[in-house]
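Only one structure is covered here, and it is reproduced in the block below.
Quantities reported herein were computed from a predicted structural model and do not represent experimental measurements. Indexing begins at 1, ligand by ligand and atom by atom, following the structure's order.
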Amino acid sequence: MTRPNIDASKLTTTLTQTPKELLDEKELKFGKYFTDHMLCIKYTEENGWEAPEIKPYGPLAIDPAAFVLNYSVETFEGTKAYRAADGTINLFRPDMNLKRLQRSAHRIMLPEFDEEQLLECIKELVKVDQRFVPKEHGYSMYIRPNFIGTEPNLNLQYSREALLYVYLSPVGPYFPRTVKLFANAKEARAWPGGVGNFKLGGNYAPAMRPAMEVVSKGYDQILWLLGDDHYVTEVGTMNFFIFWVNSEGEKELVTAPLDGIILPGVTRDSLLSLARQWGEFKVSERKVTMPEVVAALEEGRMLEAFGAGTACVICSVSEVLYEGRQLAIPVDPANPDAVFGPMTKRLRDELLDIQYAKTPSPWTIPIQDNN
Ligand code: COI
């Protein structure tokens, strides 16, 4: 017997009786403020996916013995909706996020779901709460799908019940400035054979104490190194890119490969595509080590470095602390106040123009407003 999958035509909507006031956009902090509604879709192994529901945003009732609360059976995503200058709202490559959610869910024995039907339900949620999508350039509506194992059962097999829910958070810039990274080779975010390439909540919790230690030292984030050769992997909230003249004398944009260690970021993939379309320099996904970065800095070959992710968009990196040395990374030598290096800014501007539908692109998925 085939069990029902997610079916957007069965979606029901219950509107809130207590709509929230809109905040001044300038006051939006990342992930602190949520809209009026959420999407919930329940699953049981016996009956498959139930009818999706949009209902007022609020607490979930979860059994204390649920898999998610004991064994971290949880995966999540982050994608965004953007308001274009003409007021229309677009999603940016949501199919990539839902594919990654499917992969992550599969890794932790959560059930398969129909990505296209889920996307239809998400579009409906954004439509219902469209008044919250910010108008200012640089601001957007962060969309957070969470997928959890809800079966109350301590037996360590897998969760035969699940809940996929999605909620929305209007957001401003994550880091409105350059960032300083602390290169950490002592602890590892991910390792060969591990799960660093899946978006599991369980990857983030163990990074919190090391991350807060570097924050207390005046750094923004950790640059995670791996192994004795100090392979430069990623930042945790962002993938990491270097723009340099490599040791062969070639101008190159380089980021870590999809070798199972780093998260396959949607922003990462988009920037690699844009830079490859320019065809102006070499674009590589390959392993780079910290000693190579130090050599490039010492030899004046380092041009720019930046982090890229959905929440953070793109941030220039101005410093890396490595083995007690403060390595100054060039941002824009022609402009000491610059927040972005010239190449980083060009990539960022092109990306934002697509996200805000200024440049037409198949990556931009409109939310039709039939009201
Ligand atoms: C995102 O960029 O969407 C993320 O998930 C980063 C988040 C952990 C702040």
Between E319 and Y219: side-chain donor-acceptor atoms closer than 3.5 Å: yes
Distance (rounded to the nearest 0.5 Å) between E45 CD and R3 CZ: 5.5 Å
F76 ring center near Y204 ring center (under 6.0 Å): yes
For ligand 1, list every N/O pair with the protein closer than 3.5 Å, one pair per line with the distance.
{"from": "ligand 1", "atom 1": "2 (O)", "to": "T310", "atom 2": "N", "distance (Å)": "3.4"}
{"from": "ligand 1", "atom 1": "2 (O)", "to": "A311", "atom 2": "N", "distance (Å)": "2.8"}
{"from": "ligand 1", "atom 1": "3 (O)", "to": "Y142", "atom 2": "OH", "distance (Å)": "2.6"}
{"from": "ligand 1", "atom 1": "5 (O)", "to": "Y142", "atom 2": "OH", "distance (Å)": "3.4"}
{"from": "ligand 1", "atom 1": "5 (O)", "to": "K199", "atom 2": "NZ", "distance (Å)": "2.7"}

D114 side chain reached by W49 side chain, heavy atoms, under 4.5 Å: no
Partner residues of Y142 under the ring-ring contact (aromatic ring centres under 6.0 Å, His included) criterion, sequence neighbours left out: F30
Donor-acceptor pair between S270 and R93 side chains, under 3.5 angstrom: yes
